[in-house]
Amino acid sequence: MPLIPWLGLDHICFKVTLFSTEMRDKLRKWREDNFRNSEQIVDVGEELISEHGSKLGDDIWIIYEQVMIAALDCSRDDLALTCLQELRKQFPDSHRVKRLSGMRLEALERYDEANKHYDAILQEDPTNTAARKRKISILKAQGKSTEAIRELNEYLEQFVGDQEAWHELSELYINEHDYGKAAFCLEELMMTNPHNHLYCEQYAEVKYTQGGLENLELSRKYFAQALRLNNRNMRALFGLYMSASHIAASPKVSAKVKKDNMKYASWAASQINRAYKLAGRGTKENKCSVKAVEEMLESMQITMS
Amino acid sequence: MPIQLTSQAYCKMLLHAAKYPHCAVNGLLVAEKTKDKKKDSHSEPVLCVDCVPLFHGTLALAPMLEVALTLIDTWCKENNYVIAGYYQANERTKDSRLNQVAEKVAARISENFSESAIVMVDSSRLTMSCFEPIVLIYDHHENKWKSREVTVDSFEDWSEAQKITSALLENRCYENLIDFDNHLDDLRNDWTNPVINKSVLDLC
């Protein structure tokens with residue numbers, strides 16, 4: 001492989017020497033925010049463990065776990081095994097560690113063995129939700145969507161408050177184009193998280209996709225609600241614009257509904273333009289985006305009337 | 001009319017797939033608009049000069065897709081491009097089948113461009129060295145999508161495409177690839193990917 005001259009890109013991964021505290025903080029932030037930036041976790045985590053392992057105290061165990069999972073994501077079985085072995089030594093009878101062993105087997109596509117691990121955990125502890133969810137993930141990895149959906153539904157009958165599970169189920173339904181059931185899952189999430197703008201916005205997207213005037217009006221309402229909860233949610237803003245525009249353009253609506261929706265669409269359009277102008281300040285490149293958006297909104301105005 | 005891919009189009013598709021290995025990804029392929037479209041120019045390949053990465057994760061929802069299609073269509077008109085195709089990489093590496101989402105988007109594109117193609121990325125064969133093309137190209141014949149054989153002729157310059165894609169993968173340039181989802185998260189993110197385009201040009 002010939003030497004490629006350094007491309008000089010701005011954010012490309014520079015090999016920056018961070019202090020161990022900085023590395024620790026980064027890992028903690030990524031853990032808390034549940035980021036899946038596995039390559040970065042492996043980069044930082046591997047160095048932290050090998051160079052500064054002694055300074056980490058009890059934190060090292062949770063870091064081993066985080067780095068191990070990231071290593072699986074990057075096909076670094078060598079690193080994953082090292083972390084796993086340290087955890088096994090420290091916590092020999094732990095179900096949490098056993099689950100990690102199972103995940104390693106999943107990464108190696110040894111699904112039958114992985115399932116045996118999880119079944120063993122469930123024998124000893126039938127309420128172990130992590131093991132149950134891993135079994136469902138295996139079904140998903142094997143492309144067995146129908147079974148995954150069925151198992152997840154059964155799981156949710158027992159663990160009705162598990163938001164991660166409801167969200168996963170909504171995604172499985174969307175992928176199967178079963179928008180009605182996906183909407184139901186998102187309704188559950190909105191009920192328990194009324195201030196979460198993302199659930200509102202996703203629900204609106206599902207309703208929009210389902211189609212039909214009633215669903216469009218619902219979608220418009222929920223895009224608007226998402227905006228109320230977070231006025232910088234661009235998807236909600238665009239969604240409000242699109243749904244209101246479609247309703248206004250529909251031959252089935254009354255003159256009043258048409259007028260109201262043209263008002264909403266018009267407001268959304270001005271907000272979109274404003275957002276683009278704000279974003280484009282100072283950059284030459286973004287001028288084309290601003291222009292494209294303006295033209296797009298113009299062209300849609302024509303179809304509405 | 002078969003499509004041909006430039007190095008820029010090919011590498012950006014693969015970078016998109018590489019940036020989100022655990023997600024399905026999709027995007028649009030654009031070609032330069034030709035002035036006269038003679039009916040007998042069926043053997044002339046359509047050169048897809050660029051691609052616009054669209055989404056990662058859930059691909060089967062309509063509203064943002066509509067926004068993207070409209071916006072990118074407007075951008076195409078300003079740059080004398082036309083949306084000529086659609087690419088997709090599925091969530092599971094072992095699954096490179098054309099699915100309903102791909103068919104639906106391609107049908108939309110076909111309204112404006114009759115010879116549109118679907119390109120499925122076979123992630124199971126994605127390697128750093130890029131020693132072989134890992135795309136499956138489908139054309140619409142008699143109401144069905146049929147795959148065509150992918151050879152070096154499916155590329156404007158395969159060895160260049162291979163060299164550039166491999167170099168960008170090695171340098172982890174996919175970390176900087178912007179798709180439409182990234183743009184919706186922060187409008188300053190530019191889905192035309194000028195930085196990556198420049199790297200491609202520098203490597204040519």
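Naming convention: chains lettered A, B, ... in sequence-line order (proteins, then strands); numbering from 1 in each chain. Note that this is a predicted model, so its numbers are computed, not measured.
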Please look at Glu171(A) and chain B and tell me whether the side chain, the backbone, both or neither of the residue comes under 4.5 angstrom of a heavy atom of that chain. side chain
Please say whether more than 12 non-hydrogen atoms of neighbouring residues, nucleotides or ligands are located less than 6.0 Å from CZ in Arg232(A). no
From the list His22(B), Lys198(B), Glu91(B), the residue making the most non-hydrogen contacts under 4.5 Å with chain A is His22(B)
For Tyr276(A) and His183(B), run ring pair (Phe, Tyr, Trp, His ring centres under 6.0 Å): C-alpha distance rounded to whole Å, both residues' side-chain angles, the deciding distance at 0.1 Å, then the answer. CA-CA 11 Å; Tyr276(A) 269 89; His183(B) 175 72; 5.5 Å; yes
With rounding to the nearest 0.5 angstrom, report the CZ to CG distance, Arg235(A) to Leu184(B). 4.5 Å
Side chains of Glu39(A) and Tyr174(B), heavy atoms from C-beta outward: is any pair under 4.5 Å? yes
Lys144(B) NZ: over 12 foreign heavy atoms closer than 6.0 Å: no
Between Ala62(B), Pro63(B), Ala60(B), which has the largest tally of heavy atom pairs under 4.5 Å with chain A? Pro63(B)
Looking at Tyr222(A), I'd like to know if its OH atom is crowded, meaning that more than 12 non-hydrogen atoms belonging to other residues, nucleotides or ligands lie closer than 6.0 Å. no
Looking at side-chain heavy atoms only, is the closest gap between Leu187(B) and Lys277(A) below 4.5 Å? no
A quick test of your reading: do over 12 heavy atoms of other residues, nucleotides or ligands sit less than 6.0 Å from CG of Asp33(A)? yes
Please lay out, stage by stage, how Tyr208(A) and Glu66(B) fare under the test side chain to side chain contact (heavy atoms under 4.5 Å, CB included). CA-CA 11 Å; Tyr208(A) 184 108; Glu66(B) 265 188 58; 3.0 Å; yes
Region of Asp181(B) in contact with chain A, defined by heavy-atom distances below 4.5 Å: both
Compare all side-chain heavy atoms of Met234(A) with those of Asp185(B) and state whether any distance is below 4.5 angstrom. no
Toward chain A, the part of Asp186(B) with a non-hydrogen atom under 4.5 Å: neither
Using side-chain heavy atoms (C-beta onward) and a distance below 4.5 Å, is Arg92(B) in contact with Gln142(A)? no
Part of Lys94(B) lying under 4.5 Å from any heavy atom of chain A: side chain
Looking only at heavy atoms and a cut-off of under 4.5 Å, which of Ala141(A), Gly239(A), Ser38(A), Ala275(A) has the most pairs with chain B? Ala141(A)
Are there residues of residues 174-184 of chain A that reach to under 4.5 Å of chain B by heavy atoms, and which ones? Ile174(A), Asn175(A), His177(A), Tyr179(A)
With chain B, which of Lys140(A), Gln40(A), Arg36(A), Gln210(A) has the greatest number of heavy-atom pairs at distances under 4.5 Å? Arg36(A)
